[in-house]
Every structure is written in C-alpha cells, then in structure tokens.
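Okay, so here's the structure we're looking at.
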Amino acid sequence: MAERYDPAELDRKWQRLWEKAGTAVVDTARGENGFYMLNMFPYPSGSRLHVGHGRNYILGDALFRRQRMAGRRVLNPMGWDAFGLPAENAAIASGVHPREYTLGNIGRMKEQLRGLGLLYDWSKELASCDPAYYRWNQWLFLRMWERGLAYRKTAPVNWCPGCRTVLANEQVVDGRCERSGDAVEIRDLTQWFFRITDYAERLLAGLEALDWPERVKTMQRNWIGRSEGAEVFFRVEALAEPISVFTTRPDTLFGATFIALAPEHPAAARLAERSPRRAGIEAFIERVRRESRLEREAEGGEKEGVDTGVSALNPMTGEPIPVWLANFVLPDYGTGAIMGVPAHDQRDFEFARRYGLPVRPVYRIAGEDPDPAAMTAAVPHGGVLFGSADWDGAENGPEAIRRAIAGIEEKGVGRGRVGYRLRDWLISRQRYWGTPIPAIHCPSCGVVPVPDEDLPVLLPEDVAFQGAEGNPLEQSEAFVATTCPRCGGPARRETDTMDTFVDSSWYYLRFLNPQDDRQMVDAGRAAAWMPVNQYVGGIEHAILHLLYARFVCRVMKDLGLVALEEPFARLFNQGMITRLNPATGKVEKMSKSRGNTVSPDELIARFGADTLRVYTLFIGPPEKESEWSEEGVSGAWRFLQRVHDACTRVEAIRPGASGEPDADTPLRRFEHRTIQRVTEDADRFHFHTAIAALMEFQRAITEALDEGIETPATVVSAAQTLVTLLHPIAPHLTEELWERLGGRPFLLDAAWPSFDPELATPERVTLVVQVNGKVRARLDVERGAAEGDAVALARADEKVRPWIDGKEISRAVYVPDRLLNLVVR
RNA sequence: GCGAAAGUGGCGGAACUGGUAGACGCGCAGGUCUCAGAAGCCUGUGGGUAACACCGUGAGGGUUCGAGUCCCUCCUUUCGCACCA
C-alpha cells in the first residue's frame with residue numbers, strides 16, 4: 001500500500017467541498033418527500049465543546065445522512081439559543097457587550113461543529129438575539145396579550161438572588177435555581193405570565209399520541225399533575241364570603257374536623273384583624289412568608305399552624321369546625337385552602353395530632369386506611385361515628401367520590417372540579433440580554449401595548465455592563481423614557497425581558513422561513529414540513545423547553561398561524577457521556593466543572609473527525625449513558641485504517657473488474673447480510689452494532705483479497721457497499737474512498753443499498769443439538785433441513801451418541817435452522 | 001415513601017420475538033516485523049480441567065423440552081415524583 005490514511009487533509013478537503021456544493025441546502029418552499037431532522041439548538045457558551053457534547057450532534061448528523069441516502073429531502077438546520085444570563089454575566093465581569101461575546105462564541109462553536117463533519121443547512125441559520133428574530137417574540141406576546149394569554153399580576157414568585165431575577169416554577173429544582181444552585185426566595189412582585197394553565201388539559205391529552213420516550217411523557221404528566229375532585233364552600237361566621245377549599249376526597253367531607261388556609265390566603269389577614277390573638281397570628285404569617293421555598297418545602301419539615309379562633313360550618317352538617325392557618329398549605333395550588341380530614345389524610349393527621357384536633361373516620365367508607373380504631377386511641381378527642389345515609393353503600397374509590405360530588409352539588413355547597421399542579425408560566429426576567437417585553441407604563445392609561453408598527457423594541461446600546469447591579473436596562477434613559485402610544489403623554493417603558501424559553505418555544509417553525517420579514521411563520525411551509533420528524537436532544541429539557549414548545553405551538557394554532565398542535569412527532573434523548581474522574585475516583589458526567597472532559601480538538605488533530613465519530617457512536621447504545629475510554633478511541637482508529645487499506649487494495653484491482661458481481665458467493669452473501677444488519681441497526685439508532693457488523697464485513701473483504709477467490713467485480717461491489725453503509729458514521733474517509741472506487745461525489749446523493757432477503761440468509765447453518773436441554777454438539781447443515789434428517793444426523797454424531805446410548809428418546813423438539821433438543825429418559 | 005428503568009467476562013457492550021450466552025471493541029498473553037522500541041499485522045482470551053465433565057447473565061424460588069429473556073420474592077444502582085390536599 002502506497003499512501004497512508006491522512007485524516008487531517010481529507011477532513012478539510014471534504015468539508016470544503018460539501019459546503020461549496022451546498023449539499024445540505026433544502027428549499028423549504030417545496031415540501032414533497034420532506035423529512036425534518038432537528039437537534040435542539042445550543043446555547044453558544046464561551047467554553048469549547050467536549051466529546052460529551054458531541055454525541056447528540058454526531059448522532060443527529062448520522063441520522064440526517066442516513067435519511068438523505070434513503071432518498072428524502074432532509075431539512076437539517078442549525079441555529080443559536082443566543083440570549084441568556086451567561087453572556088450578560090460575562091459582560092458584567094469584563095465589560096464586553098453581550099452581543100459581541102455571544103457572536104464570538106457562535107463563530108467558534110460553528111467552526112467546532114464543522115470540524116466534526118456535521119452538515120447543516122446553514123442558509124437557515126438563525127440566532128434568537130437577532131432583532132429580526134426577537135421582534136416576532138414581541139409580536140406573539142402582543143397577540144397573546146390581546147387574548148388574555150399574556151397578563152400581569154402581583155403574586156408570590158421565585159426570586160434567585162444569584163441571578164438577580166425571578167424564575168419560572170419549572171426552573172426551580174428542589175427549592176434551588178436550576179442554573180446557579182442558589183436557594184430561591186419567595187417575593188411578592190408584579191410580573192408577566194403566560195396562561196399555560198388554560199392549556200393544561202390539551203397538553204396532557206396530546207401526550208398520548210406522541211412517539212416520545214415514556215419517561216419524558218411521564219415527567220410531563222406529573223408536572224401537569226391533573227387531579228379530579230371538588231371545590232367545597234365553607235361558610236365562616238366572620239366573613240361575608242365563604243372559604244372555598246379544593247379536595248380530591250370529597251367523599252371524606254363528613255370527616256373534616258378543621259379547615260386550614262395558606263398564610264398568604266387573602267382571608268388570612270382579615271381573620272387576624274378580628275382575632276383577640278391578632279399579634280400572634282400576624283407574626284406567624286410573617287414568619288412563614290419569609291421562609292425560602294427550600295425551607296418551606298423541606299422534607300420532614302414540621303407542620304405548623306395557628307388557630308384563628310374563628311369557626312367555619314361544615315356545609316353538609318352545619319357543624320362548626322375551627323379555621324387554622326398552616327404552613328403546609330400552598331398558596332398557589334387549588335384555592336389555597338384545605339379541609340382537614342385527619343382520619344383519611346396523612347398530612348392532616350400529623351397536623352391534628354400536633355394540635356390536638358379531633359380525628360373522625362368516615363366509617364361508611366369501606367377499606368379505608370389507617371385503621372380507625374387505632375387512630376381513635378392515638379388522639380385525645382376520639383373518633384365519632386359519622387356518615388351520611390345518602391352516600392351509604394358506595395364503594396370506597398371513584399364511585400364514592402362521584403356520588404359525593406353529586407351530593408355536594410345538589411346541596412349547592414360546592415362543585416366538581418379538576419385541579420392541576422401546573423402554574424402559569426412566569427416569563428419576566430429582570431435582565432438585559434433577552435427580548436424586551438413590548439409594554440409601556442403610562443401614568444394615565446396604565447399598562448399599554450407597544451403598537452405593532454413600532455416593533456421591534458430594540459435593546460438599547462447606551463448601557464455600561466461592567467460591575468452593573470440590578471437590571472442594566474434600567475440604566476438607559478433613552479430606552480426607558482418614551483411616550484404613551486395611547487395618550488401621547490410621557491411614559492416609561494417596561495424593562496423586564498422575556499425568559500429565553502420563549503425564544504426556543506417556536507424556533508423550529510422559523511427555520512422554514514428565517515429571513516421572512518413579513519410574517520412570523522409561513523403557514524404553507526409549516527403544513528408541508530411540520531411536525532419535526534425527528535427531534536434529538538438532552539433529557540434535561542424533558543419538562544422546560546418541551547412543555548413550553550408544545551404550549552406555544554398550540555397558542556399559535558389558536559391564533560391561526562399554523563395548523564398543528566404538536567411540534568415534535570418523535571423525540572430521542574441521548575444518554576450522557578461519563579468518564580472516570582481522577583480527582584474523585586468516580587465515574588461522573590463529563591463536565592468542565594468536574595474537570596473530567598476530553599477535548600475533541602486534540603483527538604481530531606491526531607486521528608481525524610471520523611475516528612471521533614466512530615468511537616462516539618460505537619461507545620454504546622445512544623439512549624444510555626456511556627463511559628469514555630481513551631484506549632477505546634484507538635480501536636476506532638485501527639478500524640478506519642483497515643477500511644482504508646482494504647479499499648486501497650480494491651482500488652488496485654478495479655481495472656480488472658469487468659461485468660457484474662457474481663450472483664451468489666460467500667462474499668456476496670456477506671454483503672447482503674451486512675446491508676440488512678446495518679440498515680436495521682441504523683434505523684433504531686443502534687450505530688454501535690451497525691459498526692460491529694461493518695467491522696466484520698471489512699474483515700471478510702480483506703480475507704477475500706488475501707485468498708483471491710472472489711472475482712474483482714464482486715470485491716469492488718463489496719467495498720463500495722462498505723463505504724456507502726459507513727458513510728453516515730465516517731463521512732470524510734468514505735467520501736474519499738467512494739471516489740477512488742469509481743463513485744461520483746457526493747455519497748450523500750448515492751442510494752442506500754438494498755438487500756436481497758434470500759442472499760442475506762446463510763446457505764448452511766449451525767444446528768445446535770441438545771440432549772435434555774444441554775448443548776452436546778453443533779452440526780453444520782443445509783438450511784431448511786427436515787426434522788427426520790436432523791434427528792438421524794444427530795443420533796449418528798459421535799459427540800451426541802454417549803448421551804443417548806441405551807436411552808429412549810421420548811421427545812424431540814426441533815426448531816428448523818436453529819436447534820434440535822432430544823429428550824431422553 | 002411512590003413510580004420507572006437497569007444489573008451479563010478484567011472493562012465498554014451484544015444476544016430485538018424464550019432456542020449456540022459473551023458478537024464487536026478495549027485490555028491482557030504469545031508470536032511476527034525491528035539493532036531495539038513505537039505503530040502495524042497474526043493467534044489466543046468467561047471460570048474450571050491434562051482433556052472431558054462441570055460451573056456460569058445481582059440472590060433465591062417457579063413455569064418450560066429449553067430462561068440473560070417470562071412469573072413471584074428479595075438485594076443493589078440510576079432516574080423521576082414526593083407536603084399538590
């Protein structure tokens with residue numbers, strides 16, 4: 001072999017040629033035979049990508065190339081989720097404008113993606129920080145505002161002291177900011193929200209039909225948290241309005257021995273005012289409200305409460321029960337008030353035990369736990385047999401609940417209701433680097449929308465970032481000072497910007513018409529290309545991005561902008577790449593902060609992008625997490641060497657290859673079996689087993705060359721098939737070899753080979769012979785051998801004979817082409 | 001605590017529907033080439049045995065001619081949920 005495989009040169013050469021020829025550019029005005037492949041667009045961070053990041057892009061690129069070779073017009077765009085706090089924090093630290101910082105990162109990241117041989121339709125590139133993009137955030141916001149889907153309210157919200165902004169519920173994990181890890185505080189602020197709760201039922205129902213990982217769907221179901229129950233009104237002596245509680249167990253209403261309000265409940269302060277123990281109650285309210293979310297929701301946290309001294313009347317019996325304030329009642333779920341049924345609810349029971357409140361089992365509900373007798377003994381007041389003749393006989397469970405709701409509604413003291421855990425999406429952020437919310441505060445007209453013709457509301461430039469505290473937007477008098485579009489008087493501009501998840505909730509639609517300045521989306525193209533056929537990204541977006549995108553897509557449908565409800569038909573979550581951390585001795589997620597990353601740059605310099613791609617795909621099933629190993633990479637490198645060497649030898653015999661390949665030879669059969677294996681494996685994303693099949697095929701070709709039995713035409717055909725099947729995995733080397741084997745560029749436009757099922761099956765098979773279920777011999781037989789022949793062969797086999805001699809074969813189980821089990825006594 | 005997924009050689013993993021357990025790769029051992037090494041290349045590689053037998057898919061039971069795969073009990077790990085009334 002003359003020349004060695006020089007990846008550095010090949011990588012550069014083919015990356016240039018692909019780009020120059022625009023091989024990945026798709027005209028989205030034409031929709032026929034389209035396939036929309038999408039990787040979640042990345043945040044352009046300041047640090048270099050590591051090999052753990054590469055996994056989902058390499059997988060996406062392999063899927064893209066595979067679909068293209070199947071003859072589809074595949075749209076595979078890339079863009080940038082370019083707004084966000086890291087850029088602004090960098091600006092505050094160094095003074096560089098967030099835009100400059102972000103654009104610099106985009107440039108570097110793009111080069112890195114190119115270096116991996118990833119092929120995107122860059123003519124569709126977009127960045128969410130571009131006014132041409134974010135003006136449509138503002139436009140959509142105004143449409144939502146018109147319909148009451150965007151609104152402002154004062155509410156207790158999550159405040160992250162580290163990020164100095166409010167957060168959505170979805171961004172708070174275990175009481176901490178999912179970005180910075182700071183404990184989140186609760187503050188009363190006036191903020192902008194999107195009314196996602198109006199869509200709770202549709203978001204839940206839509207999950208059914210999606211081809212998504214079950215665990216993602218489960219997470220979304222849990223987050224939406226639907227529960228059926230009833231709202232029940234309790235009259236309170238001191239108040240004009242009754243207090244409404246939400247319960248999923250209206251069947252236990254007769255067992256309610258108290259009601260409890262969240263300290264934030266509007267009625268709480270009014271009740272305190274009337275109480276002789278006012279000071280104590282107000283102190284309690286103040287104390288609970290000051291607690292952070294972390295403290296308040298801490299596991300095993302003591303349930304605490306205070307008696308308002310006021311009574312409420314059980315609507316079914318008219319019996320007075322005390323009204324308490326309790327820290328475990330959440331202000332923003334249900335009605336912010338509960339009925340306490342200690343006999344049938346663990347939390348209520350703990351609370352009752354602590355404060356000596358009665359526990360009253362509802363006896364007529366059969367099979368309820370805990371055991372009423374035991375509880376009666378455990379509490380001072382004792383249980384009282386109580387129930388209702390109306391509800392008697394109803395089995396505990398849905399039927400009892402249904403009847404209870406009917407009884408409550410009949411009496412006019414409540415109604416059936418569905419509760420959701422989902423809260424409205426808080427989209428305000430007190431930061432600069434985001435989409436300005438298009439609203440103006442006028443002292444006489446109130447909060448007024450910016451007229452459409454004044455869009456986009458641009459971010460101001462006269463802002464000093466270095467060392468800035470608070471929201472940098474507030475610094476710009478030119479931005480803030482404006483006139484009211486309604487009355488023309490002086491007014492102040494809204495300085496909150498939008499959560500960056502607004503940007504990412506519709507970008508997949510914008511890739512279809514990224515330069516269109518007349519409309520947000522192109523309904524015709526959306527009809528042709530949406531939903532995204534295959535979406536690939538990390539599990540960390542299981543709730544946040546994926547729920548918001550499903551919501552916004554539905555809003556856009558209701559606004560008549562598109563005709564679809566679900567943006568992503570199929571979702572794939574790649575597993576993380578882990579690596580042994582020498583510092584801790586543990587296998588951990590690969591990350592910069594842990595210091596266990598591997599840079600693709602050095603690997604590419606040494607082995608080329610294809611080796612990195614082969615190893616990344618070979619490391620394990622892509623949906624599982626996989627451990628990176630330095631030595632493993634060399635296996636991928638050696639494989640590509642052997643492919644290169646084999647094809648170089650084939651190239652040398654090519655001039656002698658005339659005519660068609662032989663119809664049926666061992667290599668020919670190997671070729672067809674490999675096509676079948678690789679096709680099936682690639683289509684379930686299992687490139688690791690596809691690579692294993694290709695390794696075996698390469699060895700078969702090398703052996704055929706060594707032995708010289710196969711005709712040149714047959715060998716050339718095999719080698720061409722090898723590089724074609726390997727192309728989605730190792731595009732640069734295969735492109736080069738393809739050309740040298742007589743193919744015309746580009747492989748992306750070459751047809752994926754098809755297999756003949758007859759040839760893909762071996763002619764002779766190994767028949768396993770078992771005696772009483774234990775393997776005793778392996779026979780090489782013709783495919784399709786008859787049972788009688790197989791038994792005869794087995795009985796005559798010298799390895800089998802000792803096990804059956806002198807015994808009677810009572811039964812023979814024969815699985816053609818696989819196994820013969822002789823059962824002897 | 002509740003729910004889901006997983007547990008296979010020294011390591012990553014394969015076996016998709018019950019039918020040859022360990023494909024493929026790493027590592028390791030021996031060989032080849034070389035003055036020597038590196039890189040290649042070839043051979044071997046679950047435990048066990050002289051060779052068989054035998055033992056082997058987290059543990060224990062079960063179903064079956066036959067179980068990594070199905071059922072039951074338990075252990076471990078990972079992930080999700082967890083005052084949501």
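To find a chain, count down the sequence lines: A is the first, B the second, and so on, and within it residues start at 1. From a predicted model like this one, the values you see are computed outputs, not experimental measurements.
Contacts of A:Arg423 with the nucleic acid, taken as non-hydrogen atoms under 4.0 Å apart, include base atoms. Among the protein residues, A:Gln770 comes within range of the nucleic acid bases, having at least one heavy atom under 4.0 Å from a base atom. Here A:Val813 lies in heavy-atom contact (under 4.0 Å) with a base. Nucleic acid contact class of A:Arg699 (heavy atoms, under 4.0 Å, all strands): sugar-phosphate only. Nucleic acid contact class of A:Val329 (heavy atoms, under 4.0 Å, all strands): base. Among the protein residues, A:Arg642 comes within range of the sugar-phosphate backbone only, with heavy atoms under 4.0 Å from sugar or phosphate atoms but none that close to a base. When heavy atoms are screened at a 4.0 angstrom cut-off, A:Gln641 is found touching no nucleic acid atom at all. Within the nucleic acid shown, A:Ser810 has no heavy atom closer than 4.0 Å to any nucleic acid atom. Nucleic acid contact for A:Thr248: sugar-phosphate only, since backbone atoms but no base atoms lie under 4.0 Å from a heavy atom of the residue. Residue A:Arg778 is classed as a base contact, given a heavy-atom separation below 4.0 Å to a base.
When each of B:A53, B:C79, B:A23 is scored by its nearest atom to the side-chain atoms of A:Trp803, the top-ranked nucleotide is B:A53. Among the nucleotides B:A85, B:G27, B:C54, the one closest to any side-chain atom of A:Thr247 is B:A85. The side chain of A:Ser634 lies closest to B:G27, out of B:A53, B:G27, B:U20.
At B:A85, one or more side-chain N or O atoms of A:Ser227 fall inside 4.0 Å of OP1 or OP2 (strictly under the cut-off). Between A:Arg215 and the phosphate of B:G80, there is no side-chain N or O to OP1/OP2 separation shorter than 4.0 Å. Applying the 4.0 Å criterion to OP1 and OP2 of B:U78, one finds that A:Lys589 has every side-chain N and O outside that range. For B:G40, one of the phosphate oxygens OP1 or OP2 lies less than 4.0 angstrom from a side-chain nitrogen or oxygen of A:Arg638.
B:C54 and B:G47 make up a base pair, with Watson-Crick or G-U wobble contacts both under 3.5 Å. Base-pair partner of B:A4: B:U78 (Watson-Crick or G-U wobble, both distances under 3.5 Å). Nucleotide B:G66 has no partner under the Watson-Crick or G-U criteria, as no pair reaches both atom distances under 3.5 Å. Using N1 to N3 plus N6-O4 or O6-N4 for Watson-Crick, or N1-O2 and O6-N3 for G-U wobble, each under 3.5 Å, B:C16 pairs with nothing. Taking a pair to require two hydrogen-bonding distances under 3.5 Å in either a Watson-Crick or a G-U wobble arrangement, B:A59 pairs with B:U73. Nucleotide B:C41: paired with B:G31 (Watson-Crick or G-U wobble, both distances less than 3.5 Å).
Atom name P, nucleotides B:G46 and B:G9: the rounded distance is 13 Å, in whole Å. A gap of 8 Å separates the C1' atoms of B:A21 and B:U8, to the nearest Å. Using atom P as the reference point in both B:U57 and B:G10, the two lie 13 Å apart (nearest Å).
Under 3.5 Å, the side chain of A:Asn222 and the base of B:C81 form no donor-acceptor pair of N or O atoms.
For A:Leu819 and A:Asp681, each mapped to the nucleotide of RNA chain B holding its nearest heavy atom, the one lying further toward the 5' end belongs to A:Asp681. For the pair A:Gly773 and A:Trp223, both in contact range of RNA chain B, the more 5′-proximal nearest nucleotide belongs to A:Gly773.
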Protein-to-nucleotide contact annotation, 5' to 3' order, nucleotides 6-14 of chain B [B base; S sugar-phosphate only; - none; under 4.0 Å, heavy atom]: ------BSS
Can you list the steps and then say if A:Thr702 with A:Arg699 is a side-chain hydrogen bond (donor to acceptor under 3.5 Å, both in side chains)? CA-CA 5 Å; A:Thr702 301; A:Arg699 183 167 306 143; over 6 Å; no
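Taking CG from A:Leu203 and CG from A:Leu422, the interatomic distance works out to 7.5 Å, rounded to the nearest 0.5 Å.
Ion pair A:Glu214/A:Arg221 flagged as a salt bridge, since at least one NZ, NE, NH1 or NH2 atom sits closer than 4.0 Å to an Asp/Glu carboxylate oxygen. Ion pairing between A:Glu201 and A:Arg226 holds under the 4.0 Å rule for side-chain N and carboxylate O.
Of the N and O atoms on the side chains of A:Glu170 and A:Trp223, at least one donor lies less than 3.5 Å from an acceptor on the other residue. Looking only at atom types and distance, the side chain of A:Glu627 has no donor-acceptor partner in the side chain of A:Thr578 under 3.5 Å away.
Within a 6.0 Å radius of CZ in A:Arg764, more than 12 heavy atoms belonging to other residues, nucleotides or ligands are found. Annotation for A:Arg818: atom CZ does not count as buried by contact number, only 12 or fewer foreign heavy atoms lying within 6.0 Å. Atom CD of A:Glu707 is surrounded by more than 12 heavy atoms from other residues, nucleotides or ligands within 6.0 Å.
Classification of B:G9 as syn follows from a glycosidic angle within 90° of 0.
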